Number of protein chains: 2
Amino acid sequence: MPATLRDVARLAGVSPSTVSRALSLPDMVGETTRARVKIAVEQLHYQPNRAARGLITGRTGNVGLVIPDLANPFFASVAKGVQARARRDDVAVFVADTDEEPAVEAGLFRALAKQVDGLILCSPRSSAEELAAIAEDTNVVLINRGVPGLTGVIFDDEDAMRQAMAHLAALGHRRVAWVGGPEASWSSQHREAGLRVAAESRGVELVTVGSFAPTYEGGVAAADQAVATEATAVVAYNDLVAIGLLTRLHARGISVPDDLSVIGVDDIEMSRMAIPSLSTIRMPKQRSGQIAVEILLDLIAMPEMLPPIGRQSVLAGELIVRNSTGPAPSTRA
Amino acid sequence: MPATLRDVARLAGVSPSTVSRALSLPDMVGETTRARVKIAVEQLHYQPNRAARGLITGRTGNVGLVIPDLANPFFASVAKGVQARARRDDVAVFVADTDEEPAVEAGLFRALAKQVDGLILCSPRSSAEELAAIAEDTNVVLINRGVPGLTGVIFDDEDAMRQAMAHLAALGHRRVAWVGGPEASWSSQHREAGLRVAAESRGVELVTVGSFAPTYEGGVAAADQAVATEATAVVAYNDLVAIGLLTRLHARGISVPDDLSVIGVDDIEMSRMAIPSLSTIRMPKQRSGQIAVEILLDLIAMPEMLPPIGRQSVLAGELIVRNSTGPAPSTRA
DNA sequence: TCAAGGACTGCAATCGTTTGTAGCAGCCGT
DNA sequence: ACGGCTGCTACAAACGATTGCAGTCCTTGA
């Protein structure tokens, strides 16, 4: 039913190959021919069959995006960025959600790899070796995960923590608590480390409380321990955790920010809707997706010519001051 | 580099066609042959080339999902459901986000239609005519949008409002306000209508306040007007709006639910994290995506045999009582 | 005027599958 | 012993595009 290259060729009175060239290498065909082809194409609403093209070129024109959880606003934003940037270049995006199950990751990668020109992997749980193996077979760009030798875009966790600490220190806090994410989490480690050096450089005392799930529930679970540290401010692994803290603190009648300041990381939508609205370090989530696509497209375009492999783009965050942080209690008086 | 059907055939000592049949129509080939093929396939890690297959079968094995905004938790959940169900049948999902711009929808539909066996359209802004036109070209399943003659899955808005009203009436509320979504919104109209009949049947007075954006900002904008109605409870178009209301009410010192009850619709993640946690009608979002895929796969499977076209699945919501609804103020004393 | 060269265009092979049709056994019944 | 059947398997033609190569025609310089 849909028009084929031959139909166009027939209507334009030229050969299929000419039509093909008229479309992909316009200056290889004569001007009048090109015009005739153009008319025929429009008249027939011709659109090339991607499968056929892919068969011969070996390119699909698609990329795959793998993320742990679509319903997590952080990943949703990344996906949105990927999606938007990809469309500008007419490449379609397969989205796959691993449901936070590392076990399905590997299989998913393989299955997808066949159908795409490249993969964007968003903070996968898979080991560095597994990732490297995938990268052998296909072009891969990592987001939010640094693996030596692989290219990716990551957030500047150390700097983010520096900003958070600067903000808190300026408010007079001298003892702050860190509520960590999962032990295995790459970014939790980096954030804690960054926070530690920032604290030391400012002479602030840093206490850390356990590791918690990077979720709202993790936050409510962490709250009592955080309070017990007698810190005047707490830095949460991410906004979800911070919001969980807020809930539990509210329930206990602890006022934020009057009694305790809370700051998160990420700046998900929800953060500005919290009560009190959450101070946080905004990470450029959509932008990370956008950049990942750009890198991936470059990788795809240049066959093997000494690819800038192993390069990592690092994206800086931005301090967003809202109402969950305030002067340290002791200094208020 | 990757193994082809011919490679497998050579290794197994049979012809390519036999390999093909051994894989897709196993009982058309002899048992011993089938075993030999199986071994060769595994040895070579053979995976059929989807493009080549698609070229001849006309099927891609892919479906497309179009949603207005990936970062909106409601749509993200739907996408998650679609995605999960599709993977079970080994079909990949293209996700496209229109960024809430109706203008891009049509073009996006066309572009995607070529690359997929069917489309799932989630509450598009496009007109019924446009949608019908797309449905001429390809299989389409609508989510959250009823169009006569097209198949889709929708939420039972009337029933949801009935539940909400029953809940509020039972708490003694005699005057409730409706904060509507966009005028053009299909579900806003249905919800308002449903709420109206439910109110009448219970002798509750219903006042409606303007139409607002279906967002957090819409909710904060609506709050003052809602308060001005002197209703003791307000039903919001959706949870995002309800959460906006909560924020503004908090800022004005109006206590929820002591002074005013608030109830939303959808039950997005955020709702249980709000302070106070939000009572709402939970809509089976993931399930809607899942069902849409099942319908779509059926549609694809049966060529033209009197398809169950025009059928709509309707999914019922479930009242979730949290802390934003309570007894009407007058009855408390 | 003729040969050489350039600018276009057409031919045909090819990508990796699927699938209609034909061929080749072996087996049965008569 | 032979025709016909059944059960497999191989051949070859597609599907719709891209692309190296060869051919045509026109221009140009001597």
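The shown structure was predicted, so the numbers you read here are calculated from the model rather than taken from an experiment.
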Between the protein and nucleotides 15-17 of chain D, are there any N/O to N/O pairs under 3.5 Å, and if so, what are the atom names and distances?
unit_1, atom_1, unit_2, atom_2, d
D/dG16, N2, A/Ala52, O, 3.3
D/dA17, OP1, A/Tyr46, OH, 2.8
D/dA17, OP1, A/Asn49, N, 3.0
D/dA17, OP2, A/Thr4, OG1, 3.4
D/dA17, OP2, A/Leu5, N, 2.2
D/dA17, O5', A/Tyr46, OH, 3.4

Please give me the minimum heavy-atom distance between B/Leu315 and B/Pro284, naming the atom from each residue.
CB-CG, 3.7 Å
Just grab all the salt bridge (charged side-chain N to carboxylate O under 4.0 Å, His left out) pairs involving residues 84-95 of chain B, residues at least two apart or on different chains.
B/Arg85-B/Asp89, B/Arg85-B/Glu294
Taken in chain and number order and not counting sequence neighbours, the residues that satisfy salt bridge (Lys or Arg N to Asp or Glu O under 4.0 Å) with B/Glu269 are B/Arg272
Listed by chain and number, what are the salt bridge (Lys or Arg N to Asp or Glu O under 4.0 Å) partners of B/Arg6, not counting sequence neighbours?
none
Identify each donor-acceptor pair in which a side-chain atom of residues 36-44 of chain B lies under 3.5 Å from a protein atom, sequence neighbours left out, and give them as a table.
unit_1, atom_1, unit_2, atom_2, d
B/Arg36, NE, B/Ala12, O, 2.8
B/Arg36, NH2, B/Ala12, O, 3.4

Please write out each protein N/O paired with an N/O of nucleotides 5-9 of chain C under 3.5 Å, distance rounded to 0.1 Å.
unit_1, atom_1, unit_2, atom_2, d
C/dT9, OP1, A/Thr33, OG1, 2.1
C/dT9, OP2, A/Gly30, N, 2.6

Sorted by first residue and then second, give each ring-ring contact (aromatic ring centres under 6.0 Å, His included) pair with at least one member in residues 43-66 of chain B; sequence neighbours left out.
none
Is there any ring-ring contact (aromatic ring centres under 6.0 Å, His included) pair reaching into residues 81-134 of chain A, and which pairs are they, with sequence neighbours excluded?
A/Phe94-B/Phe94
Acceptor/donor pairs from residues 18-31 of chain A side chains to any protein atom, 3.5 angstrom cut, sequence neighbours excluded:
unit_1, atom_1, unit_2, atom_2, d
A/Thr18, OG1, A/Ser15, OG, 3.3
A/Ser24, OG, A/Ser20, O, 2.8

Side chain to side chain donor-acceptor pair (under 3.5 Å): which pairs involve residues 64-78 of chain A, sequence neighbours left out?
A/Asp69-B/Lys80
Under the side-chain contact (heavy atoms from CB on, under 4.5 Å) test, which residues partner A/Thr60, sequence neighbours left out?
A/Asn62, A/Asp117
Bend of the helix from C/dT1-D/dA30 to C/dT30-D/dA1 from end-axis comparison, five pairs per end, nearest 10°, comes to 50°
